[in-house]
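Below is one structure; the comments refer to it alone.
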Amino acid sequence: MKTQALPGFRDFYPAEAALRNHIFSVWRSVAGRYGFEEYDGPPLEPLKLYTDKSGSEIVQQLYNFLDKGGREISLRPEMTPTLARMVAARAQGLKKPIRWFSIPQLFRYERQQRGRLREHFQLNVDLIGETSPLADAEVIAVSIDVLRELGLTENDFKVRVSDRNVMRALVLAAGVPEGLVDKAFAACDKIDREPAEVLIEKMVAGGISEAAGAEVLKVAGIKGGEALRAALRGLADEDSAKQLFECIDSLRAMGLDGYVEIDCSIVRGLDYYTGIVFELFDAGKSLRAICGGGRYDNLTRDIGGVALPALGFGMGDVVLGELLKDKGLLPRVESQISVFAVAVDSDDLPEVLSLAHELRDKGLSVEYALKGQSVGKQMKVAASRDARVVLVIGAAEREESVVVVRDMAAGTETKVSRELVIERVTGLAASI
RNA sequence: GUGGUUGUAGCUCAGUUGGUUAGAGCACCGGAUUGUGGUUCCGGGGGUCGGGGGUUCAAAUCCCCUCAGCCACCCCA
């Protein structure tokens, strides 16, 4: 019986593993530039860690089960609760602000589609212990620089930024009762995906008046700083956007304002967000969100009992990989080996092994045929492996104590004495 | 979890109203080429036609079930 990977899980063949490593190395390098330190936590957590905070709805999507000890456990669906626990446990001793990042593999049990699997890797960048909107700008800048480093430009993607406090003020001013703000947010979130009548219908069903519902949709349609300023003018909470504007100003000073736009339809799905929120989309919006995040100032208090302001984002490898494929930005496959050593006859093998190992000790990648093959055959293998240098050792060479060194790109050959060959080959392999 | 749609070689696909032993290109392996690569030429392996059941003299083709991919809901790491 044929077995295959479980639905929503991936086999990483060398090409896929190369893409994954490419993404990971850019994630690490950009996070490092901003001074973020890498951490990790367990892939399995007590189910309680997620149910306590998120309520029963998220439990339907959890990859949870009973372990052999009868414990209710779950594969982690997100990193933030683990982070909140870890930070809270040592909150006293950690220097603030805390800049941490992680690349966890996360799991959710739901039906897969393009860009959405049951498992993915996600860059999590979090900044904890700082309320200044410059912290928000800092974190958003990391997300932008990751995409820039991967070769994407401001024509390829945009960060849409909003602020839940601002949206709350606007939605209340639109006539939505205090207790129904969440329902209004849910409608904002879907403004691009569902027709206005349907959204208003849903809000009315939730207890919001039809007039207020129509106003909410107008609010959600606000894009750009000017439109937002105009909408806020004269409101009691006119200053609610101060932080948002400061954040945008900081990004402008960094030279990143071309990537950013204010978009009031962004409110984020999770309940724990408290302030500035943002999502990153490809320019055509043909894919799902590449990245999403925001401020969650109450979460470490709710989970760990230590109140610390915090914000962060998650960026998954799946949508990002799709985007890179679409844009032709897959990493080039590097030459696999530097040197291929050819033994003309089986008598030459010991000398080939000895030379190959000396070169490997120098850090070069070296291969040779694992069974007796004709010289022509071995050359073919060397070419197919993209070897930069081929070394040929036969009876004649051993007799003279030399090695034939062939530069594969130039197609030229020289005889080099056995004593000098290591130096010569390391130089040649590095120079090309 | 609900609905729609697709499934033929490792990949991209062809396969007539059901009709002999299911094909092509690319990839892979071997030979031409037992001391010299990418080209070329020749040859080869590889398919339970997603799986199971049914109709029929005969099924890749028609019917049912199931699994998987994709799309839309749901939900949004």
Side-chain angles (χ1 to χ4, degrees), chain A residues 1-11 13-15 43 50 54-63 74-83 102-124 186 189-190 193-194 198 266-273 279 286-293 312-320 322 340-348 369 372-398 404-413 415:
Chain A
M1 180 170 139
K2 253 199 243 181
T3 61
Q4 49 188 321
L6 289 166
F9 285 76
R10 296 170 287 175
D11 289 326
Y13 287 87
Y50 306 109
S54 315
S56 62
E57 281 190 15
I58 221 167
V59 179
Q60 297 169 348
Q61 314 245 326
L62 284 175
Y63 223 110
S74 174
L75 287 160
R76 57 188 175 194
E78 56 166 338
M79 197 59 176
T80 314
T82 299
L83 171 67
S102 188
I103 305 181
Q105 189 174 21
L106 305 175
F107 306 86
R108 300 194 87 171
Y109 196 89
E110 61 183 341
R111 188 166 286 193
Q112 64 163 320
Q113 284 179 43
R114 186 186 190 209
R116 193 172 185 89
L117 307 173
R118 286 184 173 177
E119 147 275 321
H120 76 154
F121 291 91
Q122 189 187 63
L123 171 66
N124 271 248
D189 194 40
K190 292 191 169 72
R193 279 167 293 170
E194 291 196 48
V198 176
I266 303 296
V267 292
R268 302 290 295 149
L270 294 172
D271 289 340
Y272 56 62
Y273 288 110
E279 291 184 2
S286 60
L287 301 170
R288 293 153 197 283
I290 301 162
C291 167
F313 70 77
M315 179 189 291
D317 71 317
V318 179
V319 176
L320 197 52
E322 298 282 352
F340 194 95
V342 171
V344 174
D345 196 77
S346 61
D347 294 339
D348 306 314
Q373 285 177 320
S374 72
V375 173
K377 177 69 194 161
Q378 292 181 69
M379 289 299 295
K380 268 188 190 166
V381 174
S384 76
R385 297 290 283 153
D386 280 330
R388 290 161 179 183
V389 178
V390 168
L391 305 177
V392 182
I393 295 173
E397 285 76 20
R398 284 190 289 123
V404 172
V405 177
R406 181 178 182 85
D407 180 332
M408 291 296 273
T412 55
E413 278 184 10
K415 280 188 182 177

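Each chain gets a letter, A, B and so on, in the order its sequence line appears, and its residues count up from 1. Values below: every heavy atom of this structure, side chains too, minus hydrogens, waters and symmetry copies.
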Identify which nucleotide among [options] has an atom closest to any side-chain atom of [X], counting heavy atoms from C-beta outward.
{"X": "A:Leu106", "options": "B:rA77, B:rC75, B:rG35", "answer": "B:rA77"}
{"X": "A:Val404", "options": "B:rU36, B:rC76, B:rA68", "answer": "B:rU36"}
{"X": "A:Lys190", "options": "B:rG37, B:rC75, B:rG35", "answer": "B:rC75"}
{"X": "A:Arg111", "options": "B:rG35, B:rA68, B:rG1", "answer": "B:rG1"}
{"X": "A:Glu110", "options": "B:rC75, B:rG35, B:rC74", "answer": "B:rC75"}
{"X": "A:Arg108", "options": "B:rA77, B:rU36, B:rG35", "answer": "B:rA77"}

Base, sugar-phosphate alone, or nothing: which one does [X] contact when heavy atoms must sit under 4.0 Å apart?
{"X": "A:Ala343", "value": "nothing"}
{"X": "A:Gly292", "value": "nothing"}
{"X": "A:Ala289", "value": "nothing"}
{"X": "A:Val392", "value": "base"}
{"X": "A:Gly8", "value": "sugar-phosphate"}

Check: Counting only side-chain N and O atoms of A:Arg288, is one of them less than 4.0 Å from OP1 or OP2 of B:rC75?
Finding: no
Check: Do the side-chain N or O atoms of A:Gln378 get closer than 4.0 angstrom to the phosphate oxygens (OP1, OP2) of B:rU36?
Finding: no
Notebook entry, point to check: Quick one: CD on A:Gln122 to CD1 on A:Ile103, what's the gap to the nearest 0.5 Å?
Noted result: 10.5 Å
Item checked: Euclidean distance, A:Met79 CE relative to A:Leu123 CG, rounded to 0.5 Å -> 11.0 Å
Next item on the list: Answer yes or no: is there an ion pair linking A:Glu110 with A:Arg116, defined by an N-O contact shorter than 4.0 Å?
Entry: yes
Checklist line | A:Asp345/A:Arg398 salt bridge by N-O under 4.0 Å criterion | finding: no
Closest contact, heavy atoms only, [X] versus [Y]:
{"X": "A:Arg10", "Y": "A:Phe121", "result": "NH2-CD1, 3.8 Å"}
{"X": "A:Tyr50", "Y": "A:Arg76", "result": "OH-CB, 3.1 Å"}
{"X": "A:Gly314", "Y": "A:Asn124", "result": "CA-ND2, 4.4 Å"}

Whole angstrom value for the distance that separates [atom2] of [N] from [atom1] of [X]:
{"X": "A:Met379", "N": "B:rU34", "atom1": "CE", "atom2": "C1'", "value": "16 Å"}
{"X": "A:Phe9", "N": "B:rA68", "atom1": "CZ", "atom2": "P", "value": "13 Å"}
{"X": "A:Gln122", "N": "B:rC76", "atom1": "CD", "atom2": "P", "value": "15 Å"}
{"X": "A:Glu397", "N": "B:rU36", "atom1": "CD", "atom2": "C1'", "value": "11 Å"}
{"X": "A:His120", "N": "B:rA77", "atom1": "NE2", "atom2": "P", "value": "9 Å"}
{"X": "A:Asp407", "N": "B:rG37", "atom1": "CG", "atom2": "C1'", "value": "13 Å"}
{"X": "A:Leu287", "N": "B:rC70", "atom1": "CG", "atom2": "C1'", "value": "14 Å"}
{"X": "A:Leu117", "N": "B:rA68", "atom1": "CG", "atom2": "C1'", "value": "14 Å"}

Looking only at atom types and distance, does a side-chain atom of [X] sit under 3.5 Å from a main-chain N or O of [Y], one as donor and one as acceptor?
{"X": "A:Arg114", "Y": "A:Arg288", "value": "no"}
{"X": "A:Gln378", "Y": "A:Gln373", "value": "yes"}
{"X": "A:Arg388", "Y": "A:Met408", "value": "no"}

Measuring only the [atom1] atom in each nucleotide, how far is [N] from [M]? A whole number of Å is fine.
{"N": "B:rA9", "M": "B:rC13", "atom1": "P", "result": "11 Å"}
{"N": "B:rU2", "M": "B:rU61", "atom1": "C1'", "result": "30 Å"}
{"N": "B:rU20", "M": "B:rA58", "atom1": "P", "result": "15 Å"}
{"N": "B:rG15", "M": "B:rA24", "atom1": "C1'", "result": "11 Å"}
{"N": "B:rU6", "M": "B:rG50", "atom1": "C1'", "result": "11 Å"}
{"N": "B:rU55", "M": "B:rA59", "atom1": "P", "result": "11 Å"}
{"N": "B:rC70", "M": "B:rG31", "atom1": "C1'", "result": "43 Å"}
{"N": "B:rG3", "M": "B:rU48", "atom1": "P", "result": "30 Å"}

Next item on the list: Give the stems involving RNA chain B, where a stem is 3 or more consecutive Watson-Crick or G-U wobble pairs (i with j, i+1 with j-1, and so on) under 3.5 Å.
Entry: B:1-7 with B:67-73, B:10-13 with B:23-26, B:28-32 with B:40-44, B:50-54 with B:62-66
Polar atom pairs between nucleotides 26-33 of chain B and protein, under 3.5 Å, N or O only, would you list them?
unit_1, atom_1, unit_2, atom_2, d
B:rG30, OP2, A:Lys377, NZ, 2.8

Margin query: On the side chain of A:Gln61, is there an atom forming a donor-acceptor pair with the base of B:rG1 - under 3.5 Å, no angle test?
Written below: no
Note to self: Whether the side chain of A:Arg116 and the base of B:rC76 hold a donor-acceptor pair under 3.5 Å is what I'd like checked.
What the structure shows: yes
Check: Can the positive tip of A:Arg118 be found less than 6.0 Å from the middle of the six-membered ring of A:Tyr109, inside 45° of the ring normal?
Finding: yes
Margin query: So A:Arg406 and A:Val392, do their side chains get closer than 4.5 Å, heavy atoms only?
Written below: no
